[in-house]
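Notes for the one structure printed next.
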Amino acid sequence: MEKMEKRHQDELTTRLEDAFLNGCSYISLAELYCWYDVQKIAALTNRDIESRWQKITNGKAGRLMKVEGRGGIFIFGEDKAIRVDPKNLLDSI
């Protein structure tokens with residue numbers, strides 16, 4: 001993997017910090033392809049993003065989780081994930 005441009009690193013860091021500080025953030029697939037200069041998001045890219053997440057959070061937010069949608073990924077820390085109980089759906093919101 002080639003070195004990512006500094007401006008792209010800064011933008012990725014901003015998104016990861018946003019997810020850590022505010023609960024979630026969004027990254028489009030087009031941004032990921034551009035930032036990493038790849039045509040497919042593969043294991044190496046995912047490992048790099050996870051490594052950056054762990055560094056930003058000092059390992060205090062668990063693994064980085066994602067939900068795919070709207071042409072990208074919504075990211076959040078594992079510690080923010082809550083199981084939805086259909087009987088008490090509004091209690092968890």
Side-chain angles (χ1 to χ4, degrees):
M1 180 182 302
E2 292 185 29
K3 185 167 172 57
M4 186 185 300
E5 291 183 29
K6 181 170 180 352
R7 63 192 173 105
H8 295 156
Q9 288 182 38
D10 292 345
E11 188 63 36
L12 178 55
T13 297
T14 297
R15 304 293 176 83
L16 292 169
E17 287 174 343
D18 186 40
F20 179 55
L21 298 173
N22 299 309
C24 71
S25 190
Y26 175 80
I27 304 172
S28 75
L29 292 177
E31 289 172 318
L32 287 173
Y33 295 139
C34 176
W35 296 345
Y36 282 94
D37 193 26
V38 295
Q39 294 181 10
K40 179 181 177 188
I41 306 302
L44 190 59
T45 303
N46 288 322
R47 282 194 297 269
D48 180 65
I49 295 170
E50 176 66 25
S51 174
R52 291 170 188 268
W53 171 255
Q54 292 301 325
K55 189 173 183 180
I56 287 168
T57 66
N58 293 316
K60 295 178 180 170
R63 295 172 299 169
L64 183 64
M65 309 297 282
K66 70 177 180 179
V67 174
E68 296 179 2
R70 296 188 172 222
I73 57 173
F74 294 88
I75 56 172
F76 56 96
E78 183 177 33
D79 68 330
K80 299 294 183 194
I82 300 171
R83 182 182 168 277
V84 176
D85 181 354
K87 294 178 184 174
N88 299 310
L89 179 60
L90 295 179
D91 291 344
S92 64
I93 297 178

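- Looking only at side-chain heavy atoms (C-beta outward), C34 and H8 come within less than 4.5 Å of each other.
- Across every non-hydrogen atom of I75 and L16, the tightest pair is CD1-CD2, 3.8 Å.
- Looking at residues two or more places apart in sequence or on another chain, you find no salt bridge (charged side-chain N to carboxylate O under 4.0 Å, His left out) involving R70.
- Residues V67 and L29 fall into different hydrophobic clusters, defined by Ile, Leu, Val, Met, Phe, Trp and Tyr side chains chained together at heavy-atom separations under 4.5 Å.
- Checked against salt bridge (charged side-chain N to carboxylate O under 4.0 Å, His left out), E17 has no partners two or more places apart in sequence or in another chain.
- Evaluated for a side chain to side chain contact (heavy atoms under 4.5 Å, CB included) with L32, the options V38, N46, I49 yield exactly one hit, I49.
- Partners of D18 under the side chain to side chain donor-acceptor pair (under 3.5 Å) rule, at least two apart in sequence or in another chain, are N22, S25.
- If you chain together hydrophobic residues whose side chains sit under 4.5 Å apart, M65 and I73 never meet in one group.
- Screening residues 24-35 for salt bridge (charged side-chain N to carboxylate O under 4.0 Å, His left out), with sequence neighbours left out, gives R15-E31.
- Residues passing the side chain to side chain donor-acceptor pair (under 3.5 Å) test with R52, sequence neighbours excluded: D48.
- Among residues two or more places apart in sequence or in another chain, the ring-ring contact (aromatic ring centres under 6.0 Å, His included) test is passed with Y33 by none.
- Residues forming a side chain to side chain donor-acceptor pair (under 3.5 Å) with E50 (at least two apart in sequence, or on another chain): Q54.
- A donor-acceptor pair is defined here as one N or O able to donate and one able to accept, closer than 3.5 Å; no such pair exists between the side chain of E78 and the backbone of L64.
- Evaluation of the salt bridge (charged side-chain N to carboxylate O under 4.0 Å, His left out) rule for R47 yields no partner, not counting sequence neighbours.
- Partners of K66 by salt bridge (charged side-chain N to carboxylate O under 4.0 Å, His left out), not counting sequence neighbours, listed by chain and number: E68.
- Legend: residues meeting side chain to side chain donor-acceptor pair (under 3.5 Å) with K6, ordered by chain and number and at least two apart, are D10.
- Among pairs with a residue in residues 57-83, those fulfilling ring pair (Phe, Tyr, Trp, His ring centres under 6.0 Å) read Y26-F74, at least two apart in sequence or across chains.
- Between L12 and Y36, some side-chain heavy-atom pair lies under the 4.5 Å cut-off.
- With sequence neighbours left out, F20 forms a side-chain contact (heavy atoms from CB on, under 4.5 Å) with W53, T57, A61.
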